[in-house]
Amino acid sequence: MSYLAPSEFVTKMVDAGESKIFMSTRDTIIRAYMAGAILTLAAWFAVTINVNTGQPLIGALLFPVGFVMLYLLGFDLLTGVFVLSPLALIDKRPGVTLGGVLRNWGLVFVGNFAGAFTVAFMMAFVTTFGFTQAPDKVGTAIGIIGESRTLGYAAHGAAGMATLFMRGMLCNWMVSTGVVGAMISTSVPGKVIAMWMPILVFFYMVFEHSVVNMFLFPSGLLLGAKFSIMDYLIWNEIPTVLGNLVGGLAFTGMTLYTTHVMTLPKRQAGKVTPPRVAA
């Protein structure tokens, strides 16, 4: 499996965060667009499996194929940069600023949403034969997901909002562990196995992933589901994004960095800062 020691792969995490902050606007958006599209195509695939087999475990077992593909291709999810980019700031890498971290997050959000919405439109078009008939059973199921995970939370008020936020935290605890999994091995099989396990957990447990939701909820709206754009933003996307940020950074990024990098007696931090690329 060509396993790397924790101090080695955590240093790779910091290096990756630094490189993402200095990446050009064009490359950041392209990589984020493709990540959003591939991940949400896998979500469509998993829902199709669930509907056709009636076995959610099968969909959860196969959904990680999208996550694996996008990370092997070097694309970026918002949930991943929530963890990696701040580590470069915390590590005091030269030239890394809070503004650079926020810029990276904003560009990845835009790219992920554009990619996810592209797949959402395609899904809605395909399942309705170009919006000429009612959605098929897969489209109907996706619409129901949108209603239950917006209006369902809203029905519980503050407790629903807290539950949504916590599901977002739990989600990116697992998803960011999958991001780290791509770095703990130098072989493709090792990377795939390490990424697959936590993504399976997140999907089967129905935690809230901000990028997957960029597909599910716009899809529901395109297919005529009975919730509004504001329902989607207030009772899902915004709290999910915040939960993903807190969960990934607190449970994965900071814990690994604190125990495997900050405790080293001598850190070999002599990394060469990537050249700045004009936006």
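When each of Thr177, Val175, Asn172 is tested with Thr252 by the rule side-chain contact (heavy atoms from CB on, under 4.5 Å), just one qualifies, namely Thr177. A side-chain contact (heavy atoms from CB on, under 4.5 Å) with Tyr257 is found for one member of Thr11, Val83, Asp91 and no other, namely Asp91.
The closest side-chain donor-acceptor pair between Arg103 and Thr25 falls under 3.5 angstrom. Judged purely by distance below 3.5 Å, without hydrogens or angles, the side chains of Glu208 and Asn236 pair a donor atom with an acceptor atom. Residues Asn213 and Ser210 bring no donor and acceptor atom of their side chains to less than 3.5 Å of each other. For the residue pair Arg167/Tyr153, the side-chain donor-acceptor check at 3.5 Å is satisfied. Side chains of Asn244 and Thr79: a donor-acceptor N/O pair is absent below 3.5 angstrom, by distance only.
Contact of the Leu216 side chain with the Arg149 side chain is registered, since non-hydrogen atoms from C-beta on lie closer than 4.5 Å. Between Val126 and Asp136 there is no side-chain heavy-atom pair separated by less than 4.5 Å. Looking at heavy atoms from C-beta onward, Lys12 lies in side-chain contact with Leu4 at the 4.5 angstrom threshold. In this structure, Val108 and Leu77 have side chains that are not in contact, with every pair of non-hydrogen atoms separated by 4.5 Å or more.
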TODO: For Phe75 and Tyr71, run ring pair (Phe, Tyr, Trp, His ring centres under 6.0 Å): C-alpha distance rounded to whole Å, both residues' side-chain angles, the deciding distance at 0.1 Å, then the answer.
DONE: CA-CA 6 Å; Phe75 299 143; Tyr71 270 102; 9.3 Å; no
TODO: Walk me through it: do Arg93 and Glu18 pass the test salt bridge (charged side-chain N to carboxylate O under 4.0 Å, His left out)?
DONE: CA-CA 7 Å; Arg93 292 293 176 92; Glu18 182 182 18; 2.6 Å; yes
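Across Pro239 and Leu233, no two heavy atoms sit closer than the pair CD-O, 3.7 Å. The shortest heavy-atom contact between Met214 and Ala116 is CB-CB, 3.6 Å. Smallest separation of non-hydrogen atoms from Ala46 and Phe63: CB-CB, 3.9 Å.
When atom types are taken as modelled, the side chain of Ser228 and the backbone of Asp231 share a donor-acceptor pair closer than 3.5 angstrom.
Counting non-hydrogen atoms of neighbouring residues, nucleotides and ligands closer than 6.0 angstrom, the CE atom of Met69 exceeds 12 such neighbours. Shown here is Ile229, whose CD1 atom has no more than 12 heavy atoms of other residues, nucleotides or ligands within 6.0 Å. Atom CE of Met161 has more than 12 heavy atoms from other residues, nucleotides or ligands within 6.0 Å.
Proximity of the aromatic rings of Phe202 and Phe207 is defined here by a centroid distance below 6.0 angstrom, and this criterion is not met.
The aromatic rings of Phe121 and Phe131 lie tilted to each other, with the angle between the two planes from 30° to 60°.
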